[in-house]
Every structure is written in C-alpha cells, then in structure tokens.
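Structure record follows, encoded as structure tokens.
Counting starts at 1 for both ligands and their atoms, in listed order. Worth knowing before you read on, the calculation uses all heavy atoms, side chains too, and leaves out hydrogens, waters and symmetry mates.
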Amino acid sequence: MAVERSFVMVKPDGVQRGLVGEIISRLERRGLKLVAARFMAVSRELAEKHYEVHRGKPFFEGLIRFITSGPVMAMVWEGPNAIEVIRSTMGTTNPVQAGPGTIRGDLAVDIGRNLVHGSDGPDTAEKEIALWFRPEDIVEYGRAADPWVVERP
Ligand SMILES: Nc1ncnc2c1ncn2[C@@H]1O[C@H](COP(=O)(O)OP(=O)(O)OP(=O)(O)O)[C@@H](O)[C@H]1O
Ligand SMILES: [Mg+2]
C-alpha cells in the first residue's frame, strides 16, 4: 500500500456555497491527512496551466472563467492510495452520475459546478502539487490516531 499525496481544490462554487468545511471534513473523516493548504485567488495563467490538458475542448474557456471567478481552497492531502481514495470520495466528474455518499453525488448537480478537484494519477498529482505549492509549504507530521487509521502506517 503506497502512501500518496494528491492535490485537492475546493473550487469557487464550493467556497461561495459555504462547503469548504464540509469537503475538508469528509476527507478528514475518511482518514486522510492534510499536509498543505492555501486559500487564494487563481490567476488566469495558473488556471490555464492547471487545466492545460483540456485546452481546445469546448468547455475550456468556461472552465477557466469559472475557476478564476472567485477564491479557491488549494490543498495537499496525504494517505495510503490517497489519489484513488480521494477520487472515489469526490464521485464522478458529472455529479448526475455520482453515487450517493460522494461529495459530488450529495452536494452537486452540474458538471460545470462540481465543487472539487482531485488529481487523477501519480504523475498529475506530482505536477499539480509543484504548480500550486512550494516544497516548503508541505508540512510533514505524525498524528496520534494514525495507527487507528492504517494498520502499518
Ligand atoms: N463536458 C463538460 N462540460 C462542462 N464542463 C466539463 C466537461 N467535462 C469536464 N468539465 C469540467 O472540467 C473539469 C475537468 O475535467 P476532467 O475531465 O479533468 O474531470 P475531473 O478530473 O473529474 O475534474 P477535475 O479535473 O476538476 O478534478 C471538470 O471537473 C468539469 O468542471
Ligand atoms: Mg481532472
């Protein structure tokens, strides 16, 4: 079981709807560990770099406008298989198909307002963490409850 880090962002809709705490709380309750956080406005340049793979797609312009439309909560979360664990906690990209119990399945209805971003693989996670954070922004620490979350942390 690999300990991974994932870049997670509460998007502007999550901030505007007062769901930052709810989303953080779901990741905390899952057992994941917060290791970096930054509440911030997103420049067009940063947004375009983050969503570079979607450049040219019909939704790209709307996506960039949306993600720069208000502050976001940018974070790094750590844990065993964190990337997949976070993706499944978020639910599918389109909230219409997202299962109940997931963030998007419980709290969202529209693909263009799906509340949260999470890295989709180890390479993307590494790239996104480096794009949004400096290495010294990542805090390494242990938690007393870690052995109650993971058999062999
Ligand atoms: N067909 C679409 N119409 C409108 N918006 C879309 C569409 N497909 C994707 N998006 C938007 O672009 C974002 C990035 O799409 P992607 O395929 O990377 O999904 P994701 O990995 O689940 O989401 P994210 O990268 O934001 O975590 C989606 O979260 C969504 O907000
Ligand atoms: Mg994605």
Side-chain angles (χ1 to χ4, degrees), residues 1-135 137-139 149-150:
M1 163 238 314
V3 174
E4 294 175 338
R5 285 178 179 165
S6 179
F7 173 70
V8 176
M9 166 173 50
V10 180
K11 298 180 181 181
D13 52 342
V15 173
Q16 295 297 327
R17 292 177 56 198
L19 293 172
V20 174
E22 168 79 27
I23 291 166
I24 289 178
S25 178
R26 284 174 180 235
L27 298 175
E28 281 184 318
R29 275 150 52 205
R30 188 82 201 256
L32 295 159
K33 182 157 78 176
L34 182 64
V35 295
R38 193 172 157 210
F39 184 73
M40 59 186 283
V42 183
S43 68
R44 185 167 181 104
E45 187 190 354
L46 177 58
E48 287 188 358
K49 274 191 200 150
H50 176 78
Y51 281 126
E52 190 58 42
V53 330
H54 297 302
R55 188 186 290 280
K57 295 185 185 165
F59 59 83
F60 182 73
E61 189 49 42
L63 179 59
I64 298 301
R65 239 182 298 120
F66 165 54
I67 224 70
T68 56
S69 65
V72 302
M73 186 69 169
M75 298 174 281
V76 180
W77 286 82
E78 184 181 282
N81 305 303
I83 294 165
E84 191 185 342
V85 165
I86 289 168
R87 295 286 290 189
S88 66
T89 304
M90 293 191 320
T92 54
T93 305
N94 191 337
V96 174
Q97 278 90 42
T102 66
I103 292 168
R104 288 163 171 168
D106 287 347
L107 305 170
V109 289
D110 187 315
I111 191 168
R113 298 287 184 270
N114 61 5
L115 293 174
V116 65
H117 163 85
S119 305
D120 61 12
D123 295 347
T124 350
E126 202 176 310
K127 248 194 268 172
E128 291 174 351
I129 290 167
L131 179 63
W132 289 81
F133 289 94
R134 301 168 303 177
D137 294 331
I138 316 275
V139 185
V149 178
V150 181

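Nearest non-hydrogen protein atom to atom 20 (P) of ligand 1 is T93 OG1, 3.4 Å. When hydrogens are left out, the protein atom nearest atom 2 (C) of ligand 1 is F59 CD2, 3.6 Å; that is the closest non-hydrogen contact. Closest to atom 30 (C) of ligand 1 among all protein heavy atoms lies I111 O, 3.3 Å. The single protein non-hydrogen atom nearest to atom 21 (O) of ligand 1 is R87 NH1, 2.9 Å, given as residue, atom name and distance. At the top of the distance list for atom 28 (C) of ligand 1, counting protein heavy atoms only, stands N114 ND2, 3.6 Å. Residue, atom and distance of the protein heavy atom nearest to atom 25 (O) of ligand 1 are H117 ND1, 3.0 Å. At the shortest separation from atom 15 (O) of ligand 1 among protein heavy atoms lies H54 NE2, 3.4 Å.
At least one donor-acceptor pair closer than 3.5 Å links the side chain of R104 to the backbone N or O of V116. A side-chain donor-acceptor contact under 3.5 Å links R17 to the backbone of L107. Checking side-chain atoms of T124 against main-chain N and O of S119 turns up no donor-acceptor pair under 3.5 Å.
Only side-chain heavy atoms of K11 come within less than 4.0 Å of ligand 1; its backbone N, CA, C and O stay farther off. At a heavy-atom cutoff of 4.0 Å, ligand 1 is contacted by the side chain of R104 but not by its backbone. At a heavy-atom cutoff of 4.0 Å, ligand 1 is contacted by no atom of F66, backbone or side chain. Of the heavy atoms in L63, only side-chain atoms (C-beta onward) come closer than 4.0 Å to ligand 1. Residue E128 does not touch ligand 1, judged by heavy-atom distances below 4.0 Å.
The closest approach between a heavy atom of D120 and any atom of ligand 1 is not below 4.0 Å.
Under the ring pair (Phe, Tyr, Trp, His ring centres under 6.0 Å) criterion, Y51 pairs with H54, sequence neighbours left out.
Considering M75, M40, M73, H50 as possible partners of M9, the one that fulfils the side-chain contact (heavy atoms from CB on, under 4.5 Å) test is H50.
A salt bridge does not link E78 with R30: none of the charged nitrogens is closer than 4.0 Å to a carboxylate oxygen. Look at E52 and R55 and you find a salt bridge, because one of the NZ, NE, NH1 or NH2 atoms lies within 4.0 Å of a carboxylate O, short of that distance.
Close contacts of ligand 1 with G118, meaning ligand atoms under 4.0 Å from a residue heavy atom, involve 27 (O).
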Tell me which donor-acceptor pairs under 3.5 Å the side chains of residues 63-71 have, and how far apart each pair is, sequence neighbours excluded?
{"from": "T68", "atom 1": "OG1", "to": "I64", "atom 2": "O", "distance (Å)": "2.8"}
{"from": "T68", "atom 1": "OG1", "to": "R65", "atom 2": "O", "distance (Å)": "3.3"}
{"from": "S69", "atom 1": "OG", "to": "F66", "atom 2": "O", "distance (Å)": "2.5"}

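Between D137 and A36, the shortest heavy-atom distance links the atoms O-CB, 3.5 Å.
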